[in-house]
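Okay, so here's the structure we're looking at.
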Amino acid sequence: MNTIFKGILFGIISAVSYGVNPLGALFLYQEGVNTFSVLFHRFALASLILGILLLVQKQSFRITKKEFVILASLGVLFAVSSVSLFSSFHYMDVGIASTILFVYPVMVAIIMTVLFKEKISLITILSIALSLGGIALLYKGENGSTLSSIGILFVMLSSLSYAIYMVIVNKSGLTVHPVKQTFYALLFCLLTITVCSFNNPNNHIEILPSFSAWMWAGMLAVVSTIISVVTMVKAIQIIGSTSTAVLGALEPLTAVMIGTLVFGEIITAPMYIGILLILAAVILIVAGKSSGVKASIQKILFTSKPKQRQTGY
């Protein structure tokens, strides 16, 4: 399998698996589980599974001081992003929250351009434009009501911290195995959430109340955490943070489909168009990673038609 194609596939898997976050979160909220308890059990289970996997693979748990600092930073950022996103679900529809979250590819592109002088290709710009256009069309308010300012603030904070997370993974120079890297990032994330819960009387960590709650927490741990984060790291290592972020357009698309199929939300005509735009953005970024297709696109866009030679009589 082509290496670039593997990177794209990893990016798609990461986006879709992360996009099922609302599914587990809402069912756990319905059982009366608070935000910090949901995230604590999610990351505790994920860390436990990854720790066992590392033991089975007989990998060393040792990390250097530099790796400790970087992985601790990633853990804090992931905790901030997760708590902010899950908190926003209390203030707005999960589909809307997930679509607004997708401003993070733009943030990644801006950070990479400003801080690391990365040149943004025309294909990437077009992909971001199509994705944002699709996101705008996916938004649908309820009876014309305005969105919660607190909810928007939570989502934007989640988006920014997630964007910084992706940039650090790309530019930190970490050579740690993706599974080991994810284990430590989630472990520090778990510690951050635990400490924060002590200072929030409404979100003290509680034991999950039922078997079904443990099942949903397990789903979040395996699908939305382990699979999503590990494949994201692999995607960034192969195709870079900007392209991986653009492929994240599938996250809100997944959230919208869950809202429709599971929670009975109605898809309007503008939303259908938005979905098509998002898919077009994903196809464009995939095509742009193929050297042959990329060359063809650039030739079409930048090569003017040759003037016909005039002949005299």
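Worth saying up front: this structure is predicted, and the values here are computed from it rather than measured.
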When you compare the side chain of [Y] with that of [X], does any pair of heavy atoms fall below 4.5 Å?
X	Y	answer
V167	L115	no
T192	V83	no
L53	V179	yes
N34	V38	no
E251	T254	no
L54	H177	no
L160	V80	no
F36	E206	no

Distance check, rounded to the nearest 0.5 Å: [X] atom [atom1] versus [Y] atom [atom2]?
X	Y	atom1	atom2	value
Y184	L190	OH	CG	14.0 Å
L220	S228	CG	OG	11.0 Å
I205	F40	CD1	CZ	4.5 Å
L45	L186	CG	CG	11.5 Å
I207	H41	CD1	NE2	4.5 Å
L247	I13	CG	CD1	11.5 Å

To check you understand the geometry: which heavy-atom pair defines the closest contact between [X] and [Y], and what is its length?
X	Y	result
S131	I278	O-CG1, 4.2 Å
L277	G133	CD1-C, 3.9 Å
V169	S172	O-OG, 3.9 Å
G11	A235	N-CB, 3.6 Å
S241	M112	OG-SD, 3.7 Å

Item to check | Evaluation steps, ring pair (Phe, Tyr, Trp, His ring centres under 6.0 Å), between H90 and Y29 | outcome: CA-CA 9 Å; H90 293 293; Y29 287 165; 4.4 Å; yes
Item to check | More than 12 heavy atoms of other groups within 6.0 Å of F116 CZ | outcome: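 For F116, atom CZ is crowded (more than 12 foreign heavy atoms under 6.0 Å).
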Checklist entry - Is K180 positioned over the aromatic face of F61, cation under 6.0 angstrom from the ring centre and no more than 45 degrees off axis? => result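 No, K180 does not lie over the aromatic ring of F61.
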Item to check | Full working for side chain to side chain contact (heavy atoms under 4.5 Å, CB included) between V229 and F78 | outcome: CA-CA 10 Å; V229 177; F78 202 76; 3.7 Å; yes
Next on the checklist: Does the plane of the ring in Y165 sit parallel, tilted or perpendicular to the ring in Y162? Use 30° and 60° as the thresholds.
Outcome noted: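 The rings of Y165 and Y162 lie parallel, inter-plane angle below 30°.
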Next on the checklist: Run N203 and S197 through side chain to side chain contact (heavy atoms under 4.5 Å, CB included) and show every step you take.
Outcome noted: CA-CA 6 Å; N203 277 290; S197 69; 5.6 Å; no
Using only atom types and a distance under 3.5 Å, with no angle test, would you say the side chain of [X] pairs donor to acceptor with the backbone of [Y]?
X	Y	result
S37	V33	no
S17	S14	yes
S82	A79	no
H204	F198	no
T225	V222	no
N170	Q237	no
R42	M219	no
N199	C196	no

Assigning hydrophobic clusters by single linkage (Ile, Leu, Val, Met, Phe, Trp, Tyr; side-chain heavy-atom cutoff under 4.5 Å), is [X] placed with [Y]?
X	Y	value
V246	I110	yes
L187	F68	yes
I226	L48	no
V256	Y272	yes
M156	M166	yes

Next on the checklist: For V195 and L191: C-alpha separation, side-chain torsions, deciding distance, then whether side chain to side chain contact (heavy atoms under 4.5 Å, CB included) applies.
Outcome noted: CA-CA 6 Å; V195 172; L191 292 174; 5.5 Å; no
Residue that, paired with [X], satisfies side chain to side chain contact (heavy atoms under 4.5 Å, CB included) out of [options]:
X	options	result
V262	L26, V20, L23	L23
L174	L71, I168, I63	L71
Y104	S158, S159, S81	S159

Next on the checklist: Between L74 and F188, is the side chain to side chain contact (heavy atoms under 4.5 Å, CB included) condition met? List the steps.
Outcome noted: CA-CA 8 Å; L74 292 177; F188 287 119; over 6 Å; no
